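Before any comments, here is the structure.
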Amino acid sequence: MQLLSERILNMATSATLAMAAKARELRGEGKDIIGLSLGEPDFNTPDFIKEAAIQAVNDNYNSYSPVDGYVELKEAVITKFKRDNNLTYTLPQIVVSTGAKQCLANIAAVMLNDGDEVLLPCPYWVSYSDIVKLNGGVPVEVATSIDTDFKMTPAQLEAAITPKTKMMWFSSPCNPSGSVYSREELRALADVLVKHPNIYVVSDEIYEHINYGSGHASIAEFDDMYNNTITVNGVSKAFAMTGWRIGFIGAPEKIARACNKMQGQITSGANCIAQRAVITALNADPSAVKYMIDEFKVRRDLVLDLLSDVTGFNSNTPEGAFYVFPDVSYYFGKTLRGKTINNATDFSLYLLEEALVATVTGDAFGNPNCIRISYAASQDQIIEAIKRIKEVVS
């Protein structure tokens, strides 16, 4: 009898975490690795949020929390959705989970049956595909390119829909491309989706505040999409709270109740101290974290300026998140320092081994021509990293 299940044997390892582990291994060997692979702000959690956590400890919050989150936190989530996204939800429509990743896992578990197709505009966040497959769904990749800023067109969406299509998952701002769908672009996609009322949308908006363009839009804002959209968000990125592990959804009540039921059997409620701190975070004006967004924009412009001087890196200008996603297919088939580059994975490993710079292959995100470079690092690290990259590809 086989020891491990087919589901775990068939599951891919998270490429971002695998690259980070490889970088740690090389650091352990004494090598000076610059990490541009993880999607994690390099800022500390703001003091006013930390103080709220300390107060919660002193107030003896140490018992199990409600499965779907403290009422006060759910009320803060409702306030946030209304203030920032013009979305109106009620308490039964909100579920707080251990990070946005658990939100996604809950949604897949309660909505997908074997063979249901889930549209994934490429590139997509690395875990979408395996979460879908783990729950019996079939990921259907919809290819985009740098020429359209890695955004799916309405025609592509329409062409990808089949009788088996159950859902569409996407992020805006996008991890890994930094692409941001405008309200007009979302409306054009909605015009396709409303013709297929059995299709549900997962709108991953975890990077909403890290936006350098005309602002954030939510597809659930449209009245004809509200009842078919699950909006996923959290505090990891904008508030530099990745390790606090708090995410949340706003969803049709039937779906939210199902997620609550699922979570009750898997993890129960999220960390009680983190929840109390997040109440303070969400009730604060978003301008409280603007200093981080301003610095990310400076770094984005720095990365693009430096990469423009590196042969073979074709980059667009991302309008959100903290990544650039250059097309590096120029190098495919070439030999650098005795190593043949066949694809983005080879190229990403080459940069790690020769330049001592950790990036992530675009293969993991459904785009085999690109690599993801995170600029959640200091300006000095960015300058040194791209200097090294330029040297090993010259």
Side-chain angles (χ1 to χ4, degrees), residues 14-43 123 126 145-147 149-150 175-179 212 295-318 321-365 367-394:
S14 168
T16 51
L17 299 182
M19 183 59 82
K22 178 69 173 174
R24 284 194 298 271
E25 179 185 320
L26 292 175
R27 283 195 190 97
E29 297 172 3
K31 295 183 178 179
D32 177 25
I33 304 297
I34 299 177
L36 302 182
S37 62
L38 276 182
E40 181 168 39
D42 59 322
F43 296 95
V126 61
S145 73
I146 197 168
D147 298 324
D149 284 332
F150 300 108
N175 175 4
S177 68
S179 305
Y212 319 117
E295 174 61 19
F296 281 137
K297 185 176 186 298
V298 170
R299 295 177 188 177
R300 179 203 66 171
D301 295 343
L302 175 63
V303 170
L304 292 175
D305 181 56
L306 294 171
L307 285 180
S308 69
D309 197 36
V310 181
T311 300
F313 279 68
N314 180 20
S315 304
N316 65 325
T317 301
F322 39 72
Y323 312 106
V324 292
F325 199 60
D327 186 312
V328 294
S329 57
Y330 168 88
Y331 293 101
F332 298 173
K334 290 182 167 57
T335 300
L336 302 173
R337 297 191 176 186
K339 297 181 179 179
T340 300
I341 308 299
N342 294 308
N343 48 46
T345 300
D346 287 348
F347 191 68
S348 189
L349 286 171
Y350 174 77
L351 295 183
L352 179 62
E353 293 167 355
E354 297 295 327
L356 304 182
V357 175
T359 61
V360 187
T361 172
D363 279 309
F365 304 99
N367 188 310
N369 291 331
C370 299
I371 62 171
R372 190 188 77 173
I373 298 174
S374 168
Y375 50 87
S378 71
Q379 294 184 42
D380 287 344
Q381 286 179 308
I382 290 168
I383 291 168
E384 175 62 22
I386 297 179
K387 175 186 173 186
R388 293 183 188 182
I389 290 172
K390 185 176 180 180
E391 288 173 353
V392 301
V393 300
S394 297

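We're numbering straight along the sequence, starting at 1. When reading the values below, keep in mind they use all heavy atoms of this one structure, side chains included, and skip hydrogens, waters and symmetry mates. Just so you know, these numbers come straight off a predicted model, no measurement behind them.
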Compare all side-chain heavy atoms of [X] with those of [Y] and state whether any distance is below 4.5 angstrom.
X    : Y    : value
K339 : D346 : no
V126 : V360 : no
F313 : V324 : no
V393 : F347 : yes
F325 : P318 : no

inquiry  = Is there a side-chain contact (heavy atoms from CB on, under 4.5 Å) between V303 and Y323? Walk through the geometry before answering.
reply    = CA-CA 9 Å; V303 170; Y323 312 106; over 6 Å; no
Side-chain H-bond candidate by donor/acceptor type, T361 with S348, under 3.5 Å
no
#### Entry: Side-chain donor-acceptor contact under 3.5 Å, S329 with D327
yes
For [Y], does its backbone N or O pair with a side-chain atom of [X] as donor and acceptor, under 3.5 Å?
X    : Y    : value
S374 : L38  : yes
R372 : S37  : yes
Y350 : V392 : yes
S179 : D149 : yes
R300 : Y375 : no
Y212 : A321 : yes

When rounded to the nearest 0.5 Å, the distance separating CD of Q381 from CG of D42 is 7.5 Å
> With the threshold set at 4.0 Å, does a side-chain nitrogen-carboxylate oxygen contact exist between K390 and D309?
Replying inline: yes
(request) Begin from the C-alpha positions of C370 and F365 and carry the test side-chain contact (heavy atoms from CB on, under 4.5 Å) through to its verdict. (result) CA-CA 9 Å; C370 299; F365 304 99; over 6 Å; no
(request) Assert yes or no for the condition that the ring centre distance of F296 to F43 is strictly below 6.0 Å. (result) yes
Tell me whether K387 at atom NZ has more than 12 heavy atoms from other residues, nucleotides or ligands lying less than 6.0 Å away. no
